[in-house]
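Take a look at the structure set out below.
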Amino acid sequence: MLSLASVFLLVFGIALVFLLSPGARSFGHFFLSPHFFRLAFFGDASESVPPMWQAFLKNVGLCLVAEVLVLFWALPVALLRMSKSALLAGPRLLATIYVDLARGLPLILVVLAVYFGFPQLEIPFISNGTWFEYGLFCLVFCYGAYVSEVYRAGVVAVPYAQTLAGQAIGLTKVQILRYVTVPQALRIVIAPLINDFVSLQKDTAIIGIGAGVIEILKAAQINQGVYFNDTSYATAGLLFLAICVPLTRLAEHFQARDQQLRLAGSIGVPA
Amino acid sequence: MSESPLLKVNGLIKKFGERTVLDGIDLEVSSHEVVCLIGASGSGKSTLLRCLNTLEVPDAGTIELLGVDLADDDVRGELVRRQVGMVFQAFNLFPHRSVLDNVTLGPRRVLHQSKATAVSAALDLLERFGLGEKAAEYPDRLSGGQQQRVAIVRALAMEPRLLLLDEITSALDPELVGEVLDVVRELATSGMTMVLATHEMEFARDVATSVVFLAEGRIVESGPPEAVLHEPRDERTKVFLRRYLEGAG
Ligand SMILES: Nc1ncnc2c1ncn2[C@@H]1O[C@H](COP(=O)(O)OP(=O)(O)OP(=O)(O)O)[C@@H](O)[C@H]1O
Ligand SMILES: [Mg+2]
């Protein structure tokens, strides 16, 4: 109760600082105007301003397709990274280099390189991709590495004792994966996966820097250029929040469930 | 004594890196025998049990079950290997499966029983050990004692000829040990052949047909429980038992 009150006071205090600041009125007008919010959200045909909700659908579409591809692409990467066979030493090294590169490079640099670099290469197929294909490439390239690490962590998190227990009732290696290890790894992995997808969804905005199409970032910029008002950026923010906050709650729900599960079945003693 | 033993271990050696953990184990177990392995921590009890279940691969020596060498990678070896069940100290139930699904997984996927057959056999077994009402529960809803009993049932559902139990009560709260030992006692009475590592000396004296004392990977002393536990000949056995009695008292 006391902590709730103190949080309330804190928020109230910060709000006061903003509201009582000398520029409060002009800040409100330029960033949080209901009038310009309506114009940005629904568009304005007379000024040929596109509705932002429609532009946002492009981001949503891109992110949905990218997520599915990422799920698949990350699988062989994770398997290679986890492989122990000497035969796979070469591919394993390649996978490691890829993961390091993709996790180390900021997405915005990848976007610039792909959208402005690929067309200059003048290689048939690669140089004439659509904005959507290039966007997919950038997102899958970067997020595939993160998700492959999530997969890896998931498999590692299933105790070895579970494999032993599977062997003890005579299951084969493949059966142990299918009935014992993978189902548990999936449960462990689901929350971090959702978290990665939340940030993938947000990062579709970065695609707008390279893509010559009116997605959410471009739409906000056009809007700003027409009205000289920044409320369109706040509108974009609200649109992203509307998707990302529920997803984050969902991730937390799964996380709590997974924690419960991990405490069960086997206690903290090695087999 | 003319009957050939169910299990025959000859010159078993197991190393982990430089360390020799099992150093020439010879052991015979006949049907309906209950062999208790005792010995200090690190003496190799768990490693021996795991070798018997091919969870560890020995460096030398042979393990024969029903006259078949377990190292044989042929069909017969495979069939025989399935006839050894094991229960672990930490239960190792599958947390994502209900009690019933834990028990039926092996019979269905390894023995290829139909679902109906596997389920009805599993329910009978669960009933027999007082777990009938728990069939639909998940492991996290059970007490430690119940979980360990489910783990025993899961092993029994494979209809093993030999059951290996590795300190199955040492992770339990004291008040839950009894219910699990009762299950083992019932199995002993009903003629199940078992090899178990245990620190419960009184229990060993009650149910064992023979007691084997391990030290540093060797069998130092073995024989009927009264002999090994009450009149140990080897100095190390004496020291171990004395320390144990002091600890218990
Ligand atoms: N996988 C392994 N790798 C390396 N060393 C191991 C491994 N498993 C067991 N050991 C070592 O082998 C020795 C025997 O271990 P084991 O678990 O068989 O003893 P134990 O008699 O069961 O002891 P406890 O009473 O503590 O269960 C120990 O020194 C242990 O550290
Ligand atoms: Mg042990």
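First the proteins, then the strands, lettered A, B, ... as listed; each starts at 1. Hydrogens, waters and symmetry mates are skipped; everything else that's a heavy atom, side chains included, is used.
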Please tell me if the side chains of B:V110 and A:T172 come closer than 4.5 Å, counting only heavy atoms from C-beta onward. no
Using a 4.5 Å cut-off on heavy atoms from C-beta on, say whether the side chain of B:R97 contacts that of A:P183. no
Enter the distance from A:I169:CD1 to B:N53:CG here, rounded to the nearest 0.5 Å. 11.0 Å
Tell me, for B:R154 versus chain A, whether the close heavy atoms (under 4.5 Å) come from the side chain, the backbone, both or neither. both
Relative to chain A, which segment of B:V150 carries a heavy atom at a distance below 4.5 Å: side chain, backbone, both, or neither? neither
[atom1] of [X]: more than 12 outside heavy atoms within 6.0 angstrom?
X	atom1	answer
B:E186	CD	yes
A:F72	CZ	no
B:E216	CD	no
B:R185	CZ	yes
B:E133	CD	no
B:R128	CZ	yes

Check A:A165 against B:F94 and note the closest heavy-atom contact, atom names and distance. CB-CE2, 3.9 Å
Taking the side chain from [X] and the backbone from [Y], do they hold a donor-acceptor pair closer than 3.5 Å?
X	Y	answer
A:Q162	B:L93	yes
A:Q175	B:R109	yes
B:H96	A:R187	no

Set of side chain to side chain contact (heavy atoms under 4.5 Å, CB included) partners for A:K84, sequence neighbours left out: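 With neighbours one apart ignored, the set is empty.
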